[in-house]
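By convention in this document, chain letters (A, B, ...) are assigned in the order of the sequence lines, proteins followed by strands, and residues within each chain are numbered from 1. Note that these values count all heavy atoms, side chains included, but never hydrogens, waters or copies made by symmetry. It should be emphasised that the depicted structure is a prediction, and the values quoted were computed from it without experimental measurement.
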Amino acid sequence: MTVEYGLDIQDLVKKFDSIYALDQITLRIPKGRIVGLLGQNGAGKTTLVRLLSGVMKPTAGSAKIDGYDLSNQLNDVKRITGLLPEEYALYEKLSIFEYIEFLGTLYNMDEERINKRFVKLATRLEIYQLKNRLIETLSKGQKQKVALIAALIQEPRVLFLDEPLANLDVAAQHVVRQIIREYKADNRTILIATHLLTNVELTCDYIVIIDAGKILFHGSISDFKQQADSLEEAYLNYLGVEFQE
Amino acid sequence: MKLQHIKAVFKAEYYTTTSKFRKYRTFIPFLFLGGVIIFSYILRVIYELFRGEQFVQDPPLPTFFSIIAIFSYFTLFAPLLSPLGRVVYDGGARSRREVALNAPVTARDLLYGNLLSNLAFFLPFFGFIGTLTLAPFIGSGLYSPLITSLALFAILSILILVGLVAGTLVSPIIFNFITSQENSQSRAVVAFGVSAMLVFSLPILRYFLEHTTLEGNLGPITFLPFTLAAILIIYILYGISISISPTLALGLLLGYIVVIFILGYLVADILYEQNYKQNKFTTANPETRGERLLQRIIRPFPPSIGKVISSTMKASIRDIEHLARLTIGIAITIFMIFALSSRGLFRDTTNFNQQIELAVIVFALVLSSASVIFIETSSFTVQHRDMLSLIKSSPNGARKFVIGKAIQMMLLLTPIFMTIIFVLTGLDFLDIRNTPMLILIVILVVMIMTSLSMAIYLVNPSDNEEDLGNFINLLVFYVFGFMIAVIPIILIVAELTIPTYVYILIALGSISLSGLFLYIASQALEEMNLETLDSTFSRSILQGFKTVILFFITWNFLPLLGLSYLLRTNDPIGYIILSYVIILTSVVLYYFFSAQNFSKPKITVTNFQSTIRNLVVMLGIGIGLSFIQSYFYENNNLLGSYSLLGLNKSTLLLIISLLVFVEELFFRGMIFDYSRKEMSFWGATSVNAILFGLLHILTPISFINAVIQTYLLCQLKEDTQSVFFTILAHLGYNLILVSILFM
């Protein structure tokens with residue numbers, strides 16, 4: 001059986017006490033798409049990413065990640081997904097390489113493979129020469145690069161990125177976009193949670209807008225853009241905010 | 001220098017220091033003060049109760065003097081914990097300092113503001129530790145324990161003031177030196193060197209103190225602050241002047257404070273300027289010897305757990321501030337062990353035999369190692385949700401992390417305690433015969449406390465917003481540590497001989513308990529909801545814990561009043577009635593205040609059928625077990641405890657019937673309802689069964705019987721939703737079984 005969908009989400013619900021963080025999300029994303037997950041602060045973007053990467057359990061509903069069921073194949077889901085969290089979750093007292101080695105080993109990678117992947121990614125992101133520096137001494141952008149390497153180290157089939165371009169310089173942004181496109185070319189699925197429209201426009205080919213835990217729109221980015229003069233205007237229309245030039 | 005600047009810095013620094021207890025920060029100094037008085041008083045009372053006056057007789061003056069001097073010496077290192085050092089060295093805090101210095105605030109303002117915050121937090125804290133350690137062992141002196149404690153506290157506070165003022169000034173220099181090492185390994189080595197200086201200065205100090213005579217001249221050490229403090233304490237407690245007059249000693253101490261204060265004013269700006277210039281990046285060199293050693297240590301473990309061990313180990317060792325805290329914990333451990341050994345306070349106490357010494361040392365070791373372990377656990381921050389989310393996003397990440405982190409802590413802490421024991425043994429502080437035993441105990445204690453602290457941190461993780469959660473964690477941990485620590489004291493002071501198999505049982509018990517704690521920890525992390533930091537699992541564990549506390553307060557603590565009545569009047573019936581009346585009253589009050597629990601029994605045929613069915617099963621098992629019991633234990637049936645009181649049959653029947661009401665209202669009513677709020681039926685029943693079983697643990701068989709009974713009664717309660725039916729079943733069971741046993 002060939003797996004058709006990178007993400008196959010059915011009626012996913014997440015409740016915190018009495019508040020619905022996600023309310024019956026149903027979504028199917030074919031493999032090989034770059035999905036921009038758009039939403040206001042507190043709309044449920046991070047919650048959705050946490051549920052899909054297996055970090056948190058849903059209240060109800062089900063989801064398949066690259067064919068693996070979130071409820072009974074959790075470890076497989078974790079094995080094939082990579083996660084870039086909202087903030088840099090770095091061990092400040094480890095050096096860059098030690099940190100990547102630590103996370104790679106948690107993903108059951110052997111030493112040789114970690115090394116190879118690290119050299120490749122770190123060289124591309126231009127922090128290889130800093131590999132022995134402690135993370136606490138790095139700048140914000142450098143930390144973001146380390147977090148990105150951590151998310152990519154095990155060549156995940158499905159990649160969850162929360163604001164991947166934050167704090168990066170223009171050249172690095174370009175490299176990250178390139179990497180994302182290569183992943184797409186390899187028929188991998190990428191979900192980017194962001195609130196920066198320019199990123200979505202430059203990178204994504206599919207768009208999902210959520211607000212207050214519900215999906216307002218999902219579809220290809222060209223469909224979405226046709227609804228108004230610009231992406232920004234279309235987006236604001238969905239949120240019910242009046243667009244002023 | 002402006003007063004309002006100092007005040008602002010003070011507030012910011014104090015809030016940072018006490019950030020975990022934000023809501024209660026105003027009360028912290030008062031809490032410590034109150035704690036000092038209460039704790040030392042309670043400890044003193046316990047000792048007097050067990051051993052009478054002879055145990056707490058005063059140590060000879062020279063011994064006592066050196067003990068106080070050594071302790072005072074250690075308190076001087078308190079400022080190593082100063083947040084100021086952190087500001088200077090820490091990469092993250094660098095920007096904080098830049099912001100501060102960018103505002104029109106001088107380095108002097110920062111220094112004095114920081115000093116004030118140190119005083120507000122660390123002064124009561126270290127005064128508390130000092131008094132707690134010394135007070136119970138001082139003996140009669142001139143005054144009551146209360147006044148003795150207060151006097152000790154006051155003088156130690158003056159000394160700590162000297163230390164804090166000096167330390168606030170010196171710590172930037174120390175931290176600066178540490179951070180000037182470019183390589184992270186050499187930083188750790190330098191930091192450990194500072195700790196080692198503490199460890200090895202103890203024997204030197206002891207040598208000086210023992211080779212001077214108190215009547216004559218103490219030599220140059222007279223003018224050292226810690227000696228001055230010891231002189232003052234001896235004078236106030238016993239009215240004896242040593243070497244110099246107490247007024248002069250006090251004057252000198254205060255003089256030190258003034259001098260250092262002025263010095264601080266003069267050099268503050270220079271120090272900051274120098275620190276600021278230093279802007280090196282620390283690197284980790286993978287080719288060092290320490291690194292290779294670490295690789296060898298983790299080789300036997302599975303790669304992913306091994307990597308957790310080595311990564312968390314590095315993170316822990318490279319954190320200089322964390323090392324400083326560990327150092328203080330270790331110093332206190334060494335002091336307590338020394339002070340409480342037969343080479344210390346009890347040098348000339350005749351009835352202080354080897355067994356008591358061992359008990360006291362174990363007490364010191366457990367309590368102080370608990371502090372060190374708690375410090376080590378707190379180095380991994382639950383506050384960092386995104387770190388947890390990354391760990392959880394890898395396959396079986398939670399389990400790997402919990403096991404790896406626990407092993408790392410044991411690997412770091414066990415050698416530290418071993419070294420402490422070996423140094424003390426080698427330098428003739430400890431009895432050589434005790435060493436192997438102590439090492440075994442250390443391993444067990446480190447294992448159990450490490451697992452416990454992991455479980456506590458992960459079951460009740462609290463970010464900075466939740467002050468109470470942190471406070472409760474700390475409290476639970478120390479209460480548990482204290483409970484373990486007093487076991488040897490009680491056993492040995494009460495002169496119970498312990499057979500070897502009990503030691504083996506204790507070891508096995510510790511191992512399985514550690515396993516349970518680690519399971520709870522990894523399950524809590526696995527299930528943890530990263531938004532709310534809790535889970536159904538954690539809530540149910542917490543509820544079970546609260547239930548046990550409720551049980552101990554109502555069923556054990558309150559009836560102690562009844563026990564004191566028994567001791568005074570020798571009237572067992574009065575005792576039983578009084579004890580159970582107290583419990584009954586608390587149960588009724590509970591129902592009164594939570595009316596939703598109190599439902600009218602539904603008188604239906606099904607409910608009566610269930611009652612009779614469960615009663616029959618209970619009787620069958622009860623009668624069967626009674627016969628097995630009488631086979632194994634002669635003259636000891638399931639009613640053994642009451643025949644001990646020598647009651648006649650009719651009184652026995654009356655008491656047993658009364659008991660049914662109390663037990664059912666309490667266990668199947670209050671306790672079951674309370675735990676069932678957050679727990680599943682099986683969870684609540686297990687808690688109920690263990691507590692009810694412990695209450696009936698005359699023999700293993702009576703324990704089993706009570707556990708089975710609990711299950712049947714809890715099931716009946718769940719089915720009928722009323723204690724009315726469980727009372728009926730239990731009453732029927734007791735009356736029928738007693739009648740059979742009387743035949």
Side-chain angles (χ1 to χ4, degrees), chain A residues 14 16-17 19 21 46-47 49-50 52-57 59 74-99 101-111 114 130-138 147 150-151 154 156 160 162, chain B residues 89-94 183-184 187-188 279-287 291 302-320 322 379-381 384-398 400-401 404 526-532 535-536:
Chain A
K14 183 70 193 178
F16 296 123
D17 293 325
I19 303 153
T46 305
T47 307
V49 167
R50 280 180 176 163
L52 296 179
S53 55
V55 169
M56 229 159 58
K57 292 194 172 82
T59 314
L74 190 62
N75 269 340
D76 290 311
V77 170
K78 289 178 176 179
R79 190 169 46 80
I80 57 141
T81 55
L83 171 67
L84 173 75
E86 200 179 7
E87 276 170 41
Y88 327 111
L90 309 170
Y91 255 125
E92 296 265 307
K93 298 287 170 193
L94 294 186
S95 72
I96 297 179
F97 181 65
E98 283 167 350
Y99 176 72
E101 217 186 358
F102 166 66
L103 276 176
T105 322
L106 281 184
Y107 281 97
N108 301 330
M109 293 167 73
D110 60 45
E111 218 168 294
I114 296 175
L130 304 177
K131 74 174 205 166
N132 286 334
R133 275 261 296 274
L134 296 200
I135 289 173
E136 65 177 8
T137 66
L138 301 177
Q154 36 124 359
F160 300 106
D162 212 337
Chain B
Y89 102 90
D90 195 356
R94 201 184 289 267
N183 184 305
S184 72
R187 278 173 57 164
N279 207 15
K280 284 178 188 161
F281 294 120
T282 318
T283 56
N285 181 2
E287 299 304 322
E291 188 74 25
S304 49
I305 290 181
K307 192 50 79 183
V308 176
I309 296 173
S310 66
S311 306
T312 50
M313 184 74 95
K314 284 177 205 163
S316 168
I317 289 179
R318 286 174 192 166
D319 189 340
I320 308 296
H322 170 67
S379 72
F380 105 87
T381 44
H384 213 149
R385 288 167 208 226
D386 287 288
M387 188 74 219
L388 289 183
S389 78
L390 266 184
I391 287 165
K392 286 180 69 172
S393 75
S394 67
N396 285 325
K400 288 176 196 166
F401 180 75
E526 182 67 51
E527 309 253 320
M528 188 190 294
N529 182 334
L530 286 174
E531 302 278 335
T532 55
S535 66
T536 326

Salt bridge (Lys or Arg N to Asp or Glu O under 4.0 Å) against B:Glu527, all qualifying residues, sequence neighbours excluded: none

Spell out, as yes or no, whether a donor-acceptor pair under 3.5 Å connects the side chain of A:Lys78 to the backbone of B:Pro395. no

Does any N or O in the side chain of A:Asn75 come within less than 3.5 Å of the main-chain N or O of B:Asn396, such that one atom is a donor and the other an acceptor? yes

I'd like to know which of A:Arg79, A:Lys57, A:Glu101 tops the heavy-atom pair count under 4.5 Å against chain B. A:Glu101

On a heavy-atom basis, which atom in B:Ala315 and which in A:Leu94 lie closest, and how many Å separate them? N-CD2, 4.0 Å

Ranking B:Ser393, B:Gly397, B:Ser304, B:Ser535 by heavy-atom pairs under 4.5 Å to chain A gives rank one to B:Ser393

Report the C-alpha separation of A:Leu134 and B:Lys314 in whole Å, then their side-chain angles, then the decisive distance to 0.1 Å, and conclude whether the side-chain contact (heavy atoms from CB on, under 4.5 Å) test is met. CA-CA 11 Å; A:Leu134 296 200; B:Lys314 284 177 205 163; over 6 Å; no

What is the distance from atom NZ of B:Lys307 to atom CE of A:Met109, rounded to the nearest 0.5 Å? 12.5 Å

With only heavy atoms counted, which part of A:Lys14 is less than 4.5 Å from chain B, the side chain, the backbone, both or neither? side chain

Do B:Leu390 and A:Pro85 come within less than 4.5 Å of each other through their side chains, counting heavy atoms only? yes

Specify which of A:Leu74, A:Leu83, A:Asp162 makes the most heavy-atom pairs with chain B at under 4.5 Å. A:Leu83

